[in-house]
Student: 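Sharing a structure below in structure tokens format, with a few things to ask.
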Amino acid sequence: MPELPEVETVARQLDPLAGRQLIRGVEILDPLLGFSEEERLRGRRISRVRRIGKEVVFQLEDPKGKAAELLLAVHLRMTGRLIYQGETDGSDRGDKYLRAVLELEQGKVRFHDMRRFGTMKLYESEAEAQPAGAEPLDRGFNAASIGELIRGSSMEIKVWLLRQDRICGIGNIYASEILHDCGIDPFRPASSLNDAELGLLAASTKKILRKAIKHCGTTFSDFQNANGEVGGYQKYLRVYQHSGEGCRHCGTEILRAVQAQRSTFWCPACQR
DNA sequence: CTTTCAGCCTGGGCGC
DNA sequence: TGCGCCCAGGCTGAAA
């Protein structure tokens with residue numbers, strides 16, 4: 001489920017629920033997680049929950065206020081969910097996709113992940129948690145900065161948008177949606193975009209991601225937020241999974257193709 | 001450096 | 001019912 005808007009949604013909903021709570025214990029149910037630092041988490045208080053790149057990060061205070069801050073980062077990959085469960089809710093028995101549980105004072109956070117691609121790890125500092133790629137919702141993200149990141153890349157622009165080491169947070173749904181919004185052909189070499197197009201691309205990136213956050217992300221089958229509810233952005237998708245339908249702008253048939261082993265959806269008339 | 005591609009894992013959906 | 005494909009909001013690492 002996880003692109004930037006979905007991860008942001010989970011973090012925003014988890015923060016008031018789990019924030020300020022003490023971690024009583026951590027249970028790892030799936031050895032494939034490869035996480036064995038439960039003891040370092042026990043007794044720490046969650047100061048806040050937020051998104052960094054595509055990760056949900058629990059910032060943890062030191063119990064005595066002396067040692068350095070610690071950050072627990074969960075990457076949901078394709079099917080991960082973090083769901084807050086209040087004290088009175090049901091048990092975990094019978095949930096075969098439950099991978100880990102954070103036991104808190106008042107309830108628990110369940111890490112549920114059918115395909116088991118998700119990861120859980122610790123960062124020792126704020127700096128270490130920072131992703132390599134630029135944060136697209138930062139004020140400084142604009143035509144000039146995206147142009148600088150792109151410079152010289154002959155990759156197709158849609159494939160380039162998925163590079164987390166350049167821009168973090170955009171995934172396969174929003175890459176197609178962003179390019180449709182700004183009218184840029186997904187097959188164009190990234191370096192072929194002129195300044196005006198870079199400006200449109202930067203603006204559409206912010207616009208689409210912000211709108212998706214406003215609607216709590218996109219749900220097809222897997223995504224659920226921290227309360228086990230679904231997102232609402234799917235009704236605003238213009239091209240993703242709409243191949244064969246008419247473009248909302250011009251009526252031309254939306255096409256699907258494969259780039260870098262991922263589906264791309266676009267309008268061949270609107271996007272040049 | 002690039003680009004491609006198999007692989008990680010567990011399904012759902014389709015055609016036969 | 002079953003089998004064999006293809007598909008899926010991500011990302012890595014090996015190979016060419």
Side-chain angles (χ1 to χ4, degrees), chain A residues 1-11 29-35 51-56 73-82 94-100 111-121 131-133 136 149-180 186-192 205 208-209 211-213 215-226 229-244 255-265:
Chain A
M1 74 102 206
E3 295 184 44
L4 185 153
E6 291 76 32
V7 180
E8 180 75 30
T9 297
V10 171
L29 294 107
D30 182 359
L32 199 64
L33 264 183
F35 188 91
R51 174 187 66 83
I52 300 181
K54 278 187 187 171
E55 293 185 313
V56 177
V74 177
H75 198 309
L76 301 169
R77 295 291 178 99
M78 297 289 267
T79 55
R81 302 173 194 173
L82 287 172
D95 186 347
K96 64 194 272 203
Y97 304 118
L98 188 62
R99 304 186 72 196
F111 179 22
H112 183 280
D113 182 16
M114 184 179 74
R115 289 177 71 181
R116 305 166 77 196
F117 288 167
T119 61
M120 213 170 103
K121 62 183 170 185
L149 291 166
I150 278 177
R151 198 166 50 160
S153 175
S154 58
M155 289 179 95
E156 293 166 329
I157 185 62
K158 190 269 187 168
V159 179
W160 188 88
L161 285 174
L162 298 177
R163 286 187 61 166
Q164 304 300 303
D165 62 332
R166 301 294 169 169
I167 301 184
C168 58
I170 299 173
N172 207 39
I173 294 179
Y174 298 110
S176 282
E177 293 298 319
I178 288 164
L179 289 171
H180 180 256
F187 300 92
R188 293 262 308 273
S191 57
S192 76
T205 297
I208 296 292
L209 294 178
K211 187 173 172 191
I213 290 170
H215 294 280
C216 298
T218 301
T219 298
F220 289 120
S221 56
D222 293 315
F223 174 59
Q224 293 183 353
N225 65 29
E229 298 161 344
V230 299
Y233 192 76
Q234 56 275 15
K235 63 177 171 238
Y236 299 98
L237 296 176
R238 292 293 180 253
V239 288
Y240 187 81
Q241 289 199 354
H242 285 284
S243 46
L255 302 181
R256 172 187 176 272
V258 174
Q259 292 179 279
Q261 302 165 270
R262 322 279 314 267
S263 291
T264 297
F265 299 86

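These values consider heavy atoms only, across backbone and side chains, with no hydrogens, waters or symmetry-generated copies. Order of the sequence lines fixes the chain letters, A, B, ..., with proteins taken first and strands second; residue numbering starts at 1 for each chain.
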Student: With C1' as the reference atom in both, quote the distance from dC6(C) to dA6(B) in angstrom, rounded to an integer.
Tutor: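 It works out to 16 Å between them.
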Student: Taking CD from Glu177(A) and P from dG9(C), how many angstroms apart are they, rounded to a whole number?
Tutor: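 Whole-Å distance recorded here is 12 Å.
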Student: Return no unless some side-chain N or O of His75(A) is found under 4.0 Å from OP1 or OP2 of dG10(C).
Tutor: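 No.
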Student: Is the distance from OP1 or OP2 of dT3(B) to the nearest side-chain N or O of Ser154(A) less than 4.0 Å?
Tutor: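 Yes, because at least one side-chain N or O of Ser154(A) sits under 4.0 Å from OP1 or OP2 of dT3(B).
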Student: Using the rule given for side-chain contact (heavy atoms from CB on, under 4.5 Å), can you reason through Asp113(A) versus Leu76(A), listing the C-alpha separation, both sets of side-chain angles and the distance that settles it, and then say yes or no?
Tutor: CA-CA 8 Å; Asp113(A) 182 16; Leu76(A) 301 169; over 6 Å; no
Student: When the P atoms of dC9(B) and dC3(C) are compared, how many Å lie between them, rounded to an integer?
Tutor: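 Those two atoms are separated by 22 Å.
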Student: Just so I know, are the side chains of Pro5(A) and Tyr233(A) near enough to count as touching, which here means a heavy-atom distance under 4.5 Å?
Tutor: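 A side-chain contact is absent here, since even the closest heavy-atom pair is not under 4.5 Å.
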Student: Compare the minimum distances between each of dG9(C), dC11(C), dC9(B) and the side chain of Lys54(A), then state the nucleotide with the smallest one.
Tutor: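 That would be dC11(C).
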Student: Classify the side chain of Arg116(A) and the base of dC9(B) as holding, or not holding, a donor-acceptor pair under 3.5 Å.
Tutor: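 Per atom types, no contact qualifies.
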Student: Aromatic rings Tyr240(A) and Phe265(A): how do their planes relate, parallel, tilted or perpendicular, breaks at 30° and 60°?
Tutor: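 Rings of Tyr240(A) and Phe265(A): perpendicular, as their planes differ by over 60°.
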Student: Given dT3(B), dC11(C), dG9(C), identify the nucleotide with an atom nearest to the side chain of Met155(A).
Tutor: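 For Met155(A), the side-chain atoms sit closest to dT3(B).
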Student: Looking across every strand, which nucleic acid part, if any, lies under 4.0 Å from Arg99(A) by heavy atom: base, sugar-phosphate, or nothing?
Tutor: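 If one applies the 4.0 Å heavy-atom cut-off, Arg99(A) turns out to touch nothing in the nucleic acid.
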Student: Starting at CZ of Phe117(A) and ending at P of dG7(B), how long is that distance when rounded to a whole Å?
Tutor: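 Result: 13 Å.
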Student: For dC5(C) and dG7(B), measure between their P atoms and round to the nearest Å.
Tutor: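 Those two atoms are separated by 15 Å.
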Student: Less than 4.0 angstrom between a side-chain N/O of Ser263(A) and OP1 or OP2 of dA8(C), yes or no?
Tutor: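 True: Ser263(A) side-chain N/O within range (under 4.0 Å) of dA8(C) OP1/OP2.
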Student: Rounded off to whole Å, could you give me the NZ-to-P distance for the Lys121(A) and dG10(C) pair?
Tutor: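 Rounded to the whole Å, the gap is 16 Å.
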Student: Round to the nearest Å and state the distance from Glu156(A) atom CD to dT4(B) atom P.
Tutor: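 Those two atoms, CD and P, are 7 Å apart.
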Student: Between the side chains of Arg256(A) and Ser263(A), is a donor N or O closer than 3.5 angstrom to an acceptor N or O?
Tutor: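 Side chains of Arg256(A) and Ser263(A): pair found under 3.5 Å.
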Student: Which residue, Arg115(A) or Leu162(A), contacts DNA chain C at a nucleotide closer to its 5' end, judged by nearest heavy atom?
Tutor: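 Whichever sits nearer the 5' end wins; that is Arg115(A).
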Student: Looking at dC9(B), which nucleotide sits across from it as a Watson-Crick or G-U wobble partner, both distances under 3.5 angstrom, or is there none?
Tutor: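 Its partner: none found.
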Student: For Gln261(A) and dA15(C), give me the distance from atom CD to atom P, rounded to whole Å.
Tutor: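 Distance, rounded to whole Å: 16 Å.
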Student: With sugar-phosphate meaning primed atoms plus P, OP1 and OP2, does Tyr174(A) contact a base, only sugar-phosphate, or nothing at under 4.0 Å between heavy atoms?
Tutor: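 If one applies the 4.0 Å heavy-atom cut-off, Tyr174(A) turns out to touch nothing in the nucleic acid.
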Student: If you compare every side-chain N and O of Arg256(A) against the phosphate oxygens of dC7(C) (OP1, OP2), does one of them come in below 4.0 Å?
Tutor: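 Looking at the OP1 and OP2 atoms of dC7(C), one of them is under 4.0 Å from a side-chain N or O of Arg256(A).
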Student: Quickly work out the Arg166(A) CZ to dC11(C) C1' distance and round it to whole Å.
Tutor: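 My rounded result for the distance is 16 Å.
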Student: Within the 4.5 Å heavy-atom criterion, are Tyr174(A) and Leu161(A) side-chain neighbours or not?
Tutor: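 Sidechains of Leu161(A) and Tyr174(A): no contact.
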Student: Could you give the CZ-to-P distance, from Arg262(A) to dT12(C), as a whole number of Å?
Tutor: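 Arg262(A) atom CZ is separated from dT12(C) atom P by 12 Å.
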Student: Just label dG9(C) as syn or anti from its O4'-C1'-N9-C4 or O4'-C1'-N1-C2 angle, using within 90° of 0 for syn.
Tutor: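 For dG9(C), whose glycosidic angle is within 90° of 0, the conformation is syn.
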Student: What's the gap between dG9(C) and dT3(B) when it is taken at their C1' atoms, as a whole Å value?
Tutor: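 Rounded to whole Å, the distance is 23 Å.
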Student: Between Arg99(A) and Phe35(A), is a side-chain contact (heavy atoms from CB on, under 4.5 Å) present by the stated rule, with each step listed?
Tutor: CA-CA 11 Å; Arg99(A) 304 186 72 196; Phe35(A) 188 91; over 6 Å; no
Student: Select one nucleotide: of dT10(B), dA8(C), dC11(C), the one nearest the side-chain heavy atoms of Gln164(A).
Tutor: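 Among dT10(B), dA8(C), dC11(C), the one nearest the side chain of Gln164(A) is dC11(C).
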Student: Send over the distance from Ile173(A) CD1 to dA8(C) C1', rounded to a whole Å.
Tutor: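 Those two atoms, CD1 and C1', are 10 Å apart.
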